[in-house]
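Chain naming here is simple, since letters A, B, ... match the order of the sequence lines and numbering starts at 1 in each.
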Amino acid sequence: MLDTDAFDLRKYVANNTQTTAVWFALVGLIIFGLLRYDNFGSAYNITSFLNYNAMFIAISLGMCFVIMTGGIDLSVGSVAAFTSVIAAYLSPYGIEVALPGAVLAGVGFGAINGFCIIAMRIPPFIATLVTMLAAKGGALIISGAETIGVDWGSNFTKLGMEKAFGLLPWSITIVAALALVLWLVLEKTSLGRTVLAVGGGEDASTLMGLKVNRAKAFSYMLSGGCAGLAGVILASGFGAGQPLEGIGWELSAIAAVVVGGTLLTGGLGSIPATVAGALLLGLVFNILNFENGRGTISLSAYWQMVIRGGFLFAVILFQTRVTSSRPKVG
Amino acid sequence: MQSVASQPHAAQPLVAMHGIEKAFSGVPALQSAALDVAAGEVHALIGQNGAGKSTLIKILTGVYSRDAGDIRFAGAASHLTSPREAQDSGIATIYQELNLVPLRSVTENIVMGYEPKRLSVFIDWREAHIRAREILSRFGIDIDVKAPLGSYSTAIQQLVAIARAVSLKARLVIMDEPTSSLDAQEVAVLFGVVRSLKEAGVAVLYVSHFLDELFEICDRVTTMRDGQTVSVRSIAQTSKLELIADMLGRNVDDIKAAGMTDFGGGTAKTGDVLLQADGVSTGNRLRNLTLTVHSGEIVGLGGLLGSGRTEAARALFGVDTLTGGDITFKGSPSAPANPAAAITQGIGYLTEDRKAEGIIPDMSVRENLTLALLPTLTINGQIDRKRERQIVAHYIDALDIKAADMDQPIRELSGGNQQKVLLARWLATEPELLILDEPTRGVDVGAKLEIQSIIRYFVDKGFGVILISSEFEELVEGADRIVVLQDGYCVSELHNPGITENTLVKAIAQHHQQNEGAA
């Protein structure tokens with residue numbers, strides 16, 4: 001599919017080759033699944049697949065913005081665990097309170113990240129590692145290291161367990177709406193373009209007079225908020241706040257963002273492709289589960305991680321080629 | 001020295017900076033600097049490295065704050081605190097290192113921060129592309145504005161940067177070394193743009209060390225030296241020689257008086273030819289350089305900034321690929337393909353940027369000193385610690401490096417001692433030819449003398465040295481022979497004894513003067 005000999009950045013961006021590749025792979029895997037497994041296209045499989053992956057898409061969206069600025073957010077998994085506990089505690093007051101409450105808590109963590117990175121000039125990797133540990137510890141403290149059951153009497157569990165207008169789960173509907181808004185923000189607003197410009201060259205952006213700090217603060221707070229939303233979906237879908245969940249989620253999110261064609265060094269990225277990347281990684285699991293179910297192979301979850309790793313490796317290899325062929329600016 | 005020759009535009013200054021002072025952690029960078037630029041004028045700002053040009057510009061554009069002095073822009077007192085404010089008030093800067101975002105499209109790089117909007121929120125990309133195309137077409141450029149900027153040549157990128165400035169309705173466009181990476185044809189396009197800016201009443205502040213260019217497009221020229229403004233001249237009433245004299249702090253008459261007779265006074269004692277470069281060219285401002293180094297000889301490379309001194313060193317050391325010419329080292333024709341090959345052949349290169357390219361701050365004196373030596377110190381994958389310590393002790397003693405002990409981190413040493421460690425690093429590889437680029441820059445006087453005597457001791461053992469220095473005194477005193485470069489080739493050669501600073505300045509200026517006479 002790729003004309004590797006005549007590869008250059010211009011073609012890459014103009015044609016979005018990698019983004020296209022993600023979509024092709026996604027469609028290919030879906031067709032493969034539909035043809036091979038009887039229940040693959042069943043309403044149950046689709047619903048549960050989307051419901052489960054809504055959380056990952058949400059944190060991948062936030063992560064995508066952070067990575068586009070050239071940063072990283074390692075705290076998203078822990079923040080999701082923390083906010084799932086918050087959401088569980090707030091669940092008696094209904095989703096109207098629990099959702100904004102938990103998201104705000106997430107935004108709070110993002111604000112701390114932003115402050116450390118922008119004002120205190122701590123490298124993103126370290127700053128978000130600190131918040132990751134803090135959120136993890138915080139979740140265990142406020143929950144007493146126990147899962148916190150939600151109030152089943154309120155409307156809280158609707159978000160994770162019921163369908164909007166009888167069509168799609170509320171969780172994926174909300175995340176899809178979020179993705180649409182963020183797509184618009186990235187492509188159509190100064191803020192979004194500044195996020196990309198900052199990742200493409202922070203000094204240059206400053207000297208062009210762009211609001212660099214605002215774009216970075218927005219990205220980290222968005223990432224925190226997305227993690228908060230994921231926490232709400234987690235608590236709502238599983239009926240409990242889970243202080244021990246979220247381990248390794250940041251890596252899944254980074255993987256989804258990278259598979260979606262976003263450069264880890266920042267400056268290039270796409271929201272639809274990030275969604276596709278998250279779906280693609282989820283689908284690999286889904287298909288391996290089906291394959292296990294057929295009894296033809298028996299791959300453990302550990303092997304599935306190996307396969308995911310291999311997938312990431314291939315993508316990173318591809319990206320290294322892009323960055324190294326990037327024209328130098330003198 | 002303040003020679004204010006008739007100033008055609010002095011009536012209506014757009015920019016007036018007076019008594020500007022700025023110090024960085026106590027070290028003064030600017031002292032009583034001044035700059036006047038009139039509307040619709042192309043004004044040149046020149047000076048040697050470290051004269052304070054960049055600092056002055058960064059103060060004007062709000063990147064740095066000033067310690068003292070006042071700035072008026074368009075008649076009003078100016079207190080800019082950020083590049084954004086400077087842009088909004090009509091000052092656009094095109095930095096030497098091209099501050100654009102190569103990954104983003106041409107359009108984005110032009111409209112970024114000032115995008116046309118629909119409903120005052122959503123960017124109107126159609127309009128943005130049209131606007132970008134329109135601005136570029138004024139410069140005679142027709143390119144795909146949706147493609148990433150990085151996919152175009154440096155020249156196009158440069159023009160896009162200018163297009164951005166123009167689109168921001170700038171009243172003053174500052175260009176920092178705009179032609180340093182352009183070829184002749186691209187320079188012509190750029191000059192066309194500068195002239196059309198001038199016609200439109202936009203002032204251009206033009207920073208360059210290519211003096212010929214100034215005479216082509218500038219109206220007036222401000223010269224800076226050591227953080228001070230030393231002269232403001234009308235370009236029509238000055239000469240290159242005068243400008244060079246201003247930059248270097250010399251008297252024009254002295255330069256003229258140091259006649260040709262002083263050239264080639266002495267005869268240097270030389271051994272065999274160690275290195276011979278014939279007609280060496282690189283794509284990097286080095287044209288047809290011919291240079292001979294004998295064993296037992298220090299050859300100085302003289303010339304102004306941009307004359308090709310560092311480029312010559314890079315070519316000889318295999319950093320830049322040759323596009324023409326031959327290099328013969330120790331009788332065998334072998335242009336080194338890369339620095340590793342050059343080191344194997346017996347060439348060492350002490351770069352001019354000690355901090356960025358030389359020392360590893362947190363490593364010890366010992367580790368820094370033996371870095372280049374590690375391969376030969378390693379036996380079966382183990383470093384021979386005993387020999388390592390012997391070698392380090394030898395050089396600490398021989399070069400009188402002042403360190404508490406050899407395991408002290410090098411960052412705790414003074415600049416002069418750091419430089420001695422670096423020198424020792426190269427000496428320890430036992431090279432036969434050492435290229436030293438500004439070996440005593442930022443070093444105190446005592447250490448400077450010591451470093452110079454180490455260099456002399458090294459050549460007296462029969463090795464060769466190429467010495468690059470911006471300090472004429474160092475070249476005159478240290479070199480046996482000085483090869484003067486201009487625009488990437490040799491213009492003259494001086495022999496010691498007999499060289500004085502004035503003869504050197506004369507030699508550097510002479511060629512410029514001849515050019516002028518011909519023009």
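- For chain A, the nearby parts of B/N109 are the backbone and the side chain; heavy atoms of each come within less than 4.5 Å.
- Per-residue heavy-atom pair counts under 4.5 Å with chain A were compared for B/K117, B/R118, B/E85, B/Q87, and the maximum is reached by B/Q87.
- Chain B forms the most heavy-atom pairs under 4.5 Å with one residue out of A/G267, A/G201, A/G192, and that residue is A/G267.
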B/D124/A/K188 under side chain to side chain contact (heavy atoms under 4.5 Å, CB included): CA gap, chis, key distance, verdict: CA-CA 8 Å; B/D124 185 346; A/K188 291 282 186 183; over 6 Å; no
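- If you measure heavy-atom distances from B/R164 to chain A, the contacts under 4.5 Å come from the side chain alone.
- Highest contact tally toward chain B, considering only A/S205, A/G199, A/A197, is held by A/A197 [criterion: heavy-atom pairs under 4.5 Å].
- Residue A/E187 holds its CD atom at 12.5 Å from CZ of B/F122, rounded to the nearest 0.5 Å.
- With rounding to the nearest 0.5 angstrom, the CE atom of A/M68 is 12.5 Å from the CG atom of B/L103.
- The distance from the CE atom of B/M112 to the OG atom of A/S190 is 7.5 Å, given to the nearest 0.5 Å.
- For CH2 of B/W125, the number of neighbouring non-hydrogen atoms (other residues, nucleotides, ligands) closer than 6.0 Å is greater than 12.
- Between the CE atom of A/M208 and the CD atom of B/E108 there is a distance of 9.0 Å, given to the nearest 0.5 Å.
- The two atoms that bring B/P102 and A/G200 nearest to each other are CD-O, 4.3 Å, heavy atoms only.
- Residues B/E115 and A/T189 are not in side-chain contact: their nearest non-hydrogen atoms beyond the backbone lie 4.5 Å or more apart.
- Heavy atoms of B/V63 lying under 4.5 Å from chain A belong exclusively to its side chain.
- B/R104 CZ to A/R193 CZ: the interatomic distance, rounded to the nearest 0.5 Å, is 5.0 Å.
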